[in-house]
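What follows is a short report on a single structure.
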Amino acid sequence: MRPLRPSSLSRDHFNRKVRVRGWVGDVRDKGRIVFFTLHDRQDWVQVVVKPPFIEHYRAIGGLRRLDAVIVEGNYLPSKIAKRGAELVAEKIEVLSRAAEKLPIDPTGRTPVELPKRLRYRILDLLSDRSRAIFKVQETVLWAVRTFMRKEGAIEVITPKIIGAATEGGADLFTFDYFGMRAFLAQSPQLYKEQLVIPFEKVYSIDTFFRAEEHSTSRHLNEFVSIDYEEAFADWRDVMVVLERLLKYICEKISEENEQELNTLGVKPWVPDLPLQRITFDEILDELKRRGVDVQPGKDIPPSALQALTKDLERAYFITEWPTELRPFYTKPCDDDPSHTESFDLNIGPIEVAGGSTRIHDPEVLARRIRECGLNPESFQTHLEVFRWGMPPHAGWAIGLSRLLMTLLELSNIREAVLFPRDRWSLIP
RNA sequence: GCCCCGGUGGUGUAGUCCGGUCUAGCAUCGGCGGCUGUCGCCCGCCGGACCCGGGUUCGAAUCCCGGCCGGGGCGCCA
């Protein structure tokens with residue numbers, strides 16, 4: 001029979017002989033009596049080693065933190081043990097010995113700075129704080145899939161190895177593909193647009209790559225994007241989908257991750273809908289009123305936005321971005337081609353998602369590609385699809401880790417990625 | 001690409017401004033010993049560090065120069 005886990009022990013096991021497996025935690029060696037905690041990744045139980053078994057304990061050389069063991073013994077209620085019960089060991093089987101000296105403290109009690117935590121990430125993930133982040137991430141992923149399925153959207157997987165056609169803009173990683181020049185995809189953009197013809201509503205949760213040499217606490221070169229695209233929809237339609245999804249995610253986190261939020265010191269939060277909507281130009285006007293000038297054709301610097309956040313809701317849309325700041329496939333407004341049917345979703349000063357109505361007319365799209373300094377030739381296989389019944393469509397993309405870092409109030413996106421890839425780090 | 005800041009035992013820090021009292025303090029950690037009710041156990045002993053090179057000086061962890069490594073910000077960012 002497989003051994004039990006510490007977290008599965010209950011009153012039903014009182015006064016019975018049980019086998020329990022787990023990792024050794026704190027060891028309190030009193031000489032003729034030894035206590036240690038036995039952990040799984042949810043809970044733990046105290047094990048007591050007493051004579052005559054103490055001799056066997058000495059014979060196996062004792063135990064230390066992180067040893068993987070199976071303990072056999074009686075599970076007894078106890079007035080002294082803080083948990084009200086303890087396991088009295090009669091046999092200990094050592095499955096794996098941990099190193100004498102660990103590079104960082106896996107309990108999280110001794111502080112460790114982020115770069116060292118990432119260098120020794122597996123040990124770092126043993127701390128409650130680090131694991132809490134990724135438990136919440138799991139809730140987010142699950143919530144997205146549940147929500148999308150109810151919406152009637154289908155999850156799609158698009159290529160990461162791509163050929164000539166690129167979007168321009170962000171730098172791509174290049175490499176040799178059997179003698180051909182290939183790129184790592186920076187987004188599923190072109191594919192998800194094409195896929196609305198056969199599927200109408202599509203979404204993807206996938207990893208993408210950007211070769212930009214930035215060095216900030218909110219950029220990485222490998223990141224997970226949650227993408228959505230819908231046929232016969234415009235920007236306003238998909239903004240509603242996005243804000244409903246955000247609310248759904250926040251509700252699920254509040255319901256399912258109370259303990260994790262507590263560990264992270266974060267209060268549950270669910271936004272009221274509709275979210276605040278403010279145009280790009282209104283932001284500029286407000287900044288100008290406060291004496292901050294943003295140069296034309298430039299994005300709003302995070303520092304400027306920071307100054308405004310106390311007058312905005314926690315989550316808000318910035319809409320109708322200047323055409324020059326948006327990629328070629330973004331549809332300009334009918335009454336004002338200098339602005340676009342586009343939006344960003346911000347939480348605090350951080351951009352969490354962006355989206356727009358897309359151009360669906362192949363002639364207009366080809367023109368915009370040229371205007372943006374790109375070669376329509378290299379978009380041939382993309383443009384041809386637009387003659388096969390491409391309806392008006394719109395969509396957006398959420399940066400998964402950006403969302404996580406804002407919801408959990410993390411100061412660095414690296415904390416929200418298991419093994420972050422930035423300009424300087426490839427290992428581990 | 002540009003700018004700023006920083007490197008002290010395995011980890012986190014004190015000391016650096018204002019050179020000497022530093023054979024570098026504290027906590028954690030590791031080793032050994034002690035303890036039969038601990039629970040972030042406790043007690044005792046021991047171990048382990050000034051990034052590298054050059055300079056100033058009677059004297060450098062501390063000041064200066066160069067290098068290396070790290071962090072942050074800006075720019076860029078469909």
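Letters A, B, ... are given to chains in the order of the sequence lines, protein chains preceding strands, and every chain is numbered from 1. Heavy-atom basis, side chains included; hydrogens, waters and symmetry copies ignored. Computed from a predicted model, the values in this text were never measured in an experiment.
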Whole-angstrom distance between G71(B) and G12(B), as gauged at atom P:
13 Å
Determine the Euclidean distance between corresponding C1' atoms of A61(B) and C50(B); express it in Å to zero decimal places.
4 Å
Write down the partner of G25(B) under the Watson-Crick or G-U wobble criteria, each distance required to be under 3.5 Å.
U13(B)
Write down the partner of C2(B) under the Watson-Crick or G-U wobble criteria, each distance required to be under 3.5 Å.
G73(B)
Would you mind telling me which of C41(B), G37(B), U11(B) lies closest to the side-chain atoms of Ile33(A)?
G37(B)
Pairwise N/O distances under 3.5 Å, protein to nucleotides 68-75 of chain B:
{"residue": "G72(B)", "atom": "OP1", "partner": "Asn412(A)", "partner atom": "ND2", "Å": "2.8"}
{"residue": "G73(B)", "atom": "OP1", "partner": "Ser217(A)", "partner atom": "OG", "Å": "2.7"}
{"residue": "G73(B)", "atom": "OP2", "partner": "Ser217(A)", "partner atom": "N", "Å": "2.9"}
{"residue": "G73(B)", "atom": "N7", "partner": "Ser215(A)", "partner atom": "O", "Å": "3.3"}

Quick one: pull up CH2 in Trp23(A) and CZ in Arg21(A) and give me the separation to the nearest 0.5 Å.
6.0 Å
Length of the line joining Trp321(A):CH2 and C77(B):C1', which is rounded to integer Å:
12 Å
How far does the C1' atom of C51(B) sit from the matching atom of U8(B), given to the nearest Å?
10 Å
Interatomic distance, Leu172(A) CG vs C77(B) C1' [rounded to whole Å]:
12 Å
Between His56(A) and Phe53(A), what is the ring plane arrangement, given parallel below 30°, perpendicular above 60°, and tilted in between?
parallel
Selection residues 400-412 of chain A - residue pairs positive for side-chain hydrogen bond (donor to acceptor under 3.5 Å, both in side chains), sequence neighbours left out
Asn412(A)-Arg414(A)
Note: for Phe223(A) and Glu86(A) on RNA chain B, the residue whose nearest nucleotide lies more 5' is Glu86(A)
Is the centre of the Tyr203(A) ring less than 6.0 Å from the centre of the Tyr228(A) ring?
no
Pairwise P distance, C43(B) and G48(B) [rounded to whole Å]
23 Å
Trp44(A) side chain to Arg41(A) main-chain N or O, any donor-acceptor pair under 3.5 Å?
no
For atom CG of Asp26(A) and atom P of C39(B), their distance in whole Å
11 Å
According to the Watson-Crick and G-U wobble definitions, with both distances under 3.5 Å, which nucleotide is paired to C68(B)?
G7(B)
Nearest whole Å is fine: how far is C41(B) P from Lys82(A) NZ?
10 Å
Result for 5'-nearest mapping on RNA chain B, choosing between Pro111(A) and Phe35(A), is Pro111(A)
Mate of G48(B) where both pairing distances stay under 3.5 Å, Watson-Crick or G-U
none
Which value, in whole Å, describes the distance between the C1' atoms of nucleotides G1(B) and C76(B)?
9 Å
Could you work out the separation of A60(B) and A24(B) based on their C1' atoms and round it to a whole Å?
13 Å
Do nucleotides 29-35 of chain B as a string where each nucleotide becomes B, S or -: B if the base has a protein heavy atom under 4.0 Å, S if just the sugar-phosphate does, - if no protein is that close.
BSS---B
Can you check the Tyr120(A) OH to U11(B) P distance for me, whole Å?
6 Å
Contact class for Ala397(A) (heavy atom, under 4.0 Å): base, sugar-phosphate, or nothing?
nothing
Rounding to 0.5 Å, atoms CD (Glu341(A)) and OG1 (Thr323(A)) come to a distance of 10.5 Å
Taken to the nearest whole Å, CG/Leu325(A) to P/C76(B) is 10 Å
Can you check the distance between G72(B) and G34(B), where both ends of the measurement are the C1' atom (answer in whole Å)?
49 Å
Testing G12(B), U38(B), G10(B) for proximity to the side chain of Ile80(A), the answer is U38(B)
Output field: ring centroids Phe328(A)/Phe379(A) closer than 6.0 Å
yes
Between C51(B) atom C1' and Lys116(A) atom NZ, what is the distance in whole Å?
12 Å
Looking only at atom C1', what distance separates A49(B) and U23(B), rounded to whole Å?
14 Å
Ile300(A) has an atom CD1; how far is it from atom P of C77(B), in whole Å?
15 Å
What pair of heavy atoms forms the shortest contact from Leu102(A) to Ala99(A), and how long is it?
CD2-O, 4.1 Å
Picking from G10(B), C41(B), U13(B), which would you name as closest to the side chain of Glu113(A)?
U13(B)
Kindly state whether the ring of Tyr75(A) and the ring of Phe14(A) have centres lying under 6.0 angstrom apart.
yes
Nearest 0.5 Å, what's the CD1-CZ distance between Ile54(A) and Arg58(A)?
4.5 Å
OP1 or OP2 of U36(B) versus the side-chain N and O atoms of Lys50(A): is any pair under 4.0 Å?
no
For G37(B), the Watson-Crick or wobble counterpart (both distances under 3.5 Å)
none
Between Glu212(A) and His219(A), is the side-chain hydrogen bond (donor to acceptor under 3.5 Å, both in side chains) condition met? List the steps.
CA-CA 9 Å; Glu212(A) 289 145 12; His219(A) 291 274; 5.3 Å; no
Specify whether Phe208(A) and Phe223(A) have parallel, tilted or perpendicular ring planes, treating 30° as the upper limit for parallel and 60° as the lower limit for perpendicular.
tilted
